[in-house]
Amino acid sequence: MNSPEAVRAVVEELKALYPDGICSLHYQKDYELLFSTRLSAQCTDERVNQVTPTLFSRFPTLEALANADVAEVEEIVHSTGFFRAKARDIVAASRMLLDEYGGKVPNTMDALLKLPGVGRKTANLVLGDIHHTPGVVVADTHCIRITGRLGFTDGSKDPVKVEQQLRAILPPEESNDFCHRMVLHGRAVCMARKPDCASCTLRPWCDFYNGGDGQ
DNA sequence: ATCCCGAGGG
DNA sequence: CCCTCTGGAT
């Protein structure tokens with residue numbers, strides 16, 4: 001049920017539920033968000049936040065990361081999983097940021113996707129949170145699952161299709177915060193395995209709850 | 001066994 | 001489209 005009224009109601013209810021708490025990854029500098037997001041692949045934000053203080057204090061600048069020993073980075077990020085690829089990507093991307101982008105995190109999807117280890121999800125997060133680009137949709141695992149359950153999408157798991165469908169129904173100035181709230185709601189209430197529909201205040205507009213199949 | 005704010009390669 | 005990369009929590 002993706003009527004404009006339902007979408008507006010859900011957007012407002014989410015604002016009431018999660019007034020601030022927009023990004024749950026801890027970071028100070030722009031590139032720190034970029035690399036924290038790389039580390040968050042198939043890993044909880046909580047665990048990422050446990051390793052990034054060590055990583056960014058051991059290598060406190062982009063230059064330090066670019067010249068870092070990959071094995072040492074691997075050790076620091078080991079517990080986040082996929083540690084070999086993540087460590088390699090962080091060092092290589094640091095070099096590319098310095099060599100080709102003047103040490104600044106680029107502000108276009110095209111440039112971001114050229115960075116090693118940066119895919120669509122990370123690029124969208126950076127565009128929204130660092131560059132405040134309007135109309136950004138971060139179609140991550142929580143966003144895809146919850147908007148699918150709500151009936152805001154056709155149930156597709158393809159991030160590009162979900163992005164397009166959500167961009168079509170969300171106000172551009174709301175879309176980025178909406179996606180962050182999907183993450184918060186996905187952790188607290190609308191979990192993948194056992195969604196807590198009993199405590200969910202989005203029930204009135206949720207296909208999964210109201211539909212005949214799910215619950 | 002399944003999931004966690006994925007990315008890259010075939 | 002598929003597969004692989006990887007550890008930790010439930």
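A note on names: the letters A, B, ... follow the listed sequences, proteins ahead of strands, and every chain is numbered from 1.
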Scan A:R88 against the nucleic acid and name what it touches under 4.0 Å (heavy atoms): base, sugar-phosphate only, or nothing.
nothing

Taking B:dA7, B:dC5, C:dT10 as options, the one with an atom nearest any side-chain atom of A:R193 is C:dT10

When we call it a touch if two heavy atoms are under 4.0 Å apart, what does A:T37 touch: a base, just sugar-phosphate, or nothing?
nothing

How close or far is atom P of B:dC5 from atom CZ of A:R38, stated in whole angstroms?
15 Å

For A:P159, answer base if it contacts any base atom (sugar-phosphate contacts may also be present), sugar-phosphate if it contacts only those atoms, and nothing otherwise; contact means non-hydrogen atoms under 4.0 Å.
nothing

Name the closest nucleotide to the A:F83 side chain, picking from C:dA9, B:dC4, C:dT6.
C:dT6

Among B:dA7, C:dG7, B:dC5, find the nucleotide with the atom closest to the side chain of A:T141.
B:dC5

Between A:H180 and A:D129, do the side chains contain an N or O donor and an N or O acceptor separated by less than 3.5 Å?
yes

Separation of atom NZ in A:K194 from atom C1' in C:dA9, rounded to whole Å
17 Å

Phosphate contact (C:dT6 OP1 or OP2) by A:R84 side-chain N/O below 4.0 Å
yes

In whole angstroms, how far is the C1' atom of B:dG8 from the CD atom of A:Q42?
14 Å

Base B:dC4 to side chain A:H142, donor-acceptor N/O within 3.5 Å cut-off
no

To the nearest Å, give me how far apart CG (A:N124) and P (B:dC5) are.
17 Å

Separation of B:dC3 atom P from A:D45 atom CG, nearest Å, is 18 Å

Which side-chain N or O atoms in residues 102-119 of chain A pair as donor and acceptor under 3.5 Å with protein atoms at least two apart or in another chain?
{"from": "A:T108", "atom 1": "OG1", "to": "A:A111", "atom 2": "N", "distance (Å)": "3.2"}

Between A:D158 and A:G81, which residue's closest nucleotide on DNA chain C lies nearer the 5′ terminus?
A:D158

Between C1' on B:dG8 and NZ on A:K114, what's the gap in Å once rounded to a whole number?
17 Å

Are more than 12 heavy atoms from other residues, nucleotides or ligands located less than 6.0 Å from atom CD of A:E46?
no

Just call it for A:L125: base, sugar-phosphate, or nothing, with non-hydrogen atoms closer than 4.0 Å on any strand.
base

Any side-chain donor-acceptor pair under 3.5 Å between A:K29 and A:T61?
no

Is atom CD of A:E75 surrounded by more than 12 heavy atoms (other residues, nucleotides or ligands) closer than 6.0 Å?
no

Going by ring centres under 5.5 Å and near-parallel planes (under 30°), is A:F82 stacked on C:dG7?
no

Quick one: label A:G119 by what it contacts on the DNA or RNA (base, sugar-phosphate, nothing), any heavy atom closer than 4.0 Å.
sugar-phosphate

Verify the neighbour count for atom CD of A:Q28: are there more than 12 heavy atoms of other residues, nucleotides or ligands below 6.0 Å?
no

A:K157 NZ to C:dC1 P, in whole Å, measures 13 Å

Residue pair A:V183/A:D89 against DNA chain B: nearer the 5' end by closest nucleotide is A:V183

Answer with base, sugar-phosphate or nothing: what part of the nucleic acid does A:V118 contact at a heavy-atom distance below 4.0 Å?
sugar-phosphate

Looking at A:R47, I'd like to know whether one of its side-chain N or O atoms comes within less than 4.0 Å of OP1 or OP2 on C:dA9.
yes

Rounding to the closest angstrom, what is the interatomic distance between C:dT4 and B:dC5 at atom P?
24 Å

What is the separation between atom NZ on A:K121 and atom P on B:dG8, rounded to the nearest whole Å?
13 Å

Quote, to the nearest angstrom, the P distance that separates B:dG10 from C:dT6.
16 Å

